[in-house]
Amino acid sequence: MSRIQDDFDASLKTVEDARSLQDLKVRYLGKKGEVTGLMKEMRNLSNEERPAYGQKVNELRQHIDAAVEEKRAEIEAAALEERLKSETIDVTLPGRTFNIGSQHPISRIIEDIEDFFLGLGYEIQEGYEVETDYYNFEALNLPKSHPARDMQDTFYISEEILLRTHTSPVQARVLEARGGKEAVKIICPGKVYRRDSDDATHSHQFTQIEGLVIDKNIHMSDLKGTLELFAKEIFGGEREIRLRPSFFPFTEPSVEVDISCFKCKGAGCSVCKKSGWIEILGAGMVHPNVLRMAGYDPDEYSGFAFGMGPDRVAMLKYGIEDIRHLYTNDLRFINQFKQTEDGGETLESL
Ligand code: 2NL
C-alpha cells in the first residue's frame, strides 16, 4: 500500500496541468482505480483484519484527495499569474496617433462664399460635370461657330458630349426649368475643365462659382451692390470694388470686377502687381439671347450673373504661388491648412 502511495507521489510531481492531474486522480480514485481496487479486496479479509486494512485504505485515499486538491490550487494560481503577466498594460508606451484630416483650402473658400450668399437668400445648385454642347455653349449664346469657343476648348466624350468648361450650364438648366416665369437667385459651385497645359497658373481642372439673379427690375446697381458686399465679406471690411468694361458672350454689358488690394490696401505691392487692384470676378447683365432661349421675355425680366475661381481666391488669400499645390495632395501642403478645435484658422488670416 505504501508502494502505491510512493508511485502516486512520484507521478504527482510530473503533473503540470489540470488535465493530467484529473487523469492521475482517476487512475487512483476512479471506478477502476488502484485505491478502489484495494477497497474491493476487503471482502476477502477476515473480520479481524478488515478495520485496520480499511483505515489504511482510507488514509491513502485521503492523502491522494488532499494532494490532488493542493496541486489543483497550485496549477490554477500559476495559470492566473501567467494571465496577469501576459495581459499587463505598459502605461509608459507611447499612445497611438490619430491623423486628423483637414478641409482643403478650396473647399473652405467655396464654403465661405456659399455662406455669404446663403445669407443673402440665394440657393445653392449643383449639376453635371459631363454636359451637352447645348447647355455648356449654345444656351449661353455661344453658337457652334463662335470664336469665344476657342478659349474654352475642353475634353470631348463625343461631338455633343463634353466636360463642362464653366458652371454656367447648371444655371442654364435652372433657368429653363423655371419656365420663364419664376425669379431665380442661385449660386453654382463645382469643378470645371479646360484643355490646357498645366503650369504654375494653369490647370486642366479647376473650380468655379457662378451666381445668377433673375427677376423683374434687376439692374447693374444690384450687381454692383452685391459684389461690393461680397468683397468686404471675403477680403475685409475696408475693400472697395472697381468695374472695368469687358466681354462675355452670355452677358451684355460685361465687366471685370477688381477689388482693392487686401495686402497693401491699395498702395501697390507684389500681390496686386503695383496697381493697388486685384482682378477677381467677371460679371454682367444676362444677355437677352440667354434669357430668350430659356423662355424668359427680356422685356419683362432682367438679371445679373457673375463668375469667379475659388482656386485663384485661395491662392491670393493664402499666398499659394503654384496652382498645382491645390491638386497634388502633398500632405506637407495640405496640413498647413489645419484648423484649430474651435474652428478658427491656424494660418494668419490675411
Ligand atoms: C469669369 C466670368 C462669368 C457668367 C459667368 C452667366 C451665366 C448665365 C448667364 C449669364 Cl446662365 N452669365 N455667367 C457671367 C459673367 C461672367 O464668369 O471670369 N469666371 C471665372
Side-chain angles (χ1 to χ4, degrees), residues 106 109-110 113 117 122-123 125-128 131-132 134-143 146 148-149 151-152 154 164-180 182-194 196 201-203 205-215 218 220 222-224 226-227 230-231 234 241-259 278-296 298 301-316 323:
I106 292 181
I109 295 289
I110 290 177
I113 296 172
F117 283 103
Y122 286 67
E123 296 167 61
Q125 291 280 349
E126 294 185 5
Y128 309 121
E131 262 295 358
T132 62
Y134 178 79
Y135 288 109
N136 193 78
F137 291 128
E138 302 249 350
L140 291 152
N141 202 30
L142 271 151
H146 201 290
R149 281 200 181 201
M151 289 193 302
Q152 297 198 25
T154 184
R164 69 182 183 192
T165 58
H166 42 196
T167 52
S168 313
V170 182
Q171 298 171 302
R173 283 175 184 277
V174 171
L175 272 185
E176 193 186 71
R178 305 261 160 119
E182 291 167 61
V184 174
K185 206 168 160 188
I186 55 173
I187 284 289
C188 307
K191 294 194 202 80
V192 300
Y193 304 83
R194 303 240 172 129
D196 226 332
T201 53
H202 297 82
S203 172
Q205 183 206 300
F206 55 103
T207 58
Q208 202 183 21
I209 291 197
E210 281 184 82
L212 176 69
V213 174
I214 304 285
D215 208 340
I218 299 290
M220 195 88 179
D222 297 308
L223 166 68
K224 210 177 159 189
T226 303
L227 294 182
F230 164 79
I234 301 295
I241 61 166
R242 175 178 85 169
L243 306 189
R244 288 178 289 113
S246 185
F247 172 80
F248 300 108
F250 24 85
T251 45
E252 181 59 37
S254 303
V255 289
E256 299 285 348
V257 184
D258 300 338
I259 60 160
I278 303 172
E279 187 187 321
I280 210 91
L281 293 127
M285 301 307 290
V286 177
H287 197 289
N289 287 352
V290 174
L291 287 173
R292 254 191 301 271
M293 271 184 280
Y296 283 85
Y301 282 90
S302 57
F304 67 81
F306 55 87
M308 72 188 111
D311 301 54
R312 184 171 151 71
V313 176
M315 288 170 79
L316 285 168
I323 194 172

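Quantities reported herein were computed from a predicted structural model and do not represent experimental measurements. Note that ligands are numbered from 1 as they come in the structure, with each ligand's atoms numbered from 1 the same way.
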Between CD1 on residue I323 and CE on residue M315, distance to nearest 0.5 Å:
5.5 Å
Considering heavy atoms of the protein only, find what lies nearest to atom 8 (C) of ligand 1 and give residue, atom and distance to 0.1 Å.
L140 CD2, 3.7 Å
Parallel, tilted or perpendicular, judged at 30° and 60°: which one describes the rings of F117 and F230?
parallel
Judged by heavy atoms only, the candidate from A294, G309, G307 nearest atom 3 (C) of ligand 1 is G307
Protein residue, atom and distance nearest to atom 7 (C) of ligand 1, heavy-atom basis
Q171 OE1, 3.2 Å
I need the contact type for H287 against ligand 1. Using non-hydrogen atoms and a strict under-4.0 Å cut-off, is it side chain, backbone, both or neither?
neither
Would a 4.5 Å heavy-atom cut-off, applied to side chains only, mark L212 and L175 as touching?
yes
Going by the rule salt bridge (charged side-chain N to carboxylate O under 4.0 Å, His left out), which residues pair with E210 if we only count those two or more places apart in sequence or in a different chain?
none
Close N or O approach (T251, ligand 1; < 3.5 Å):
no
Numbering as shown, the atoms of ligand 1 that approach F248 to under 4.0 Å (heavy-atom distance)
2 (C), 15 (C), 16 (C)
Would you find a donor on one side and an acceptor on the other, under 3.5 Å apart, between the side chain of R173 and the backbone of Y135?
no
Quick one: look up the protein heavy atom nearest atom 12 (N) of ligand 1 and list residue, atom name and how far away it is.
A305 CB, 3.2 Å
Which protein non-hydrogen atom lies closest to atom 10 (C) of ligand 1, naming both residue and atom, and how far is it?
F250 O, 3.4 Å
Taking atom 4 (C) of ligand 1 as the reference point, the nearest protein heavy atom with its distance:
E210 OE1, 3.2 Å
Sorted by chain and residue number, the side-chain hydrogen bond (donor to acceptor under 3.5 Å, both in side chains) partners of H146 (sequence neighbours excluded) come out as none
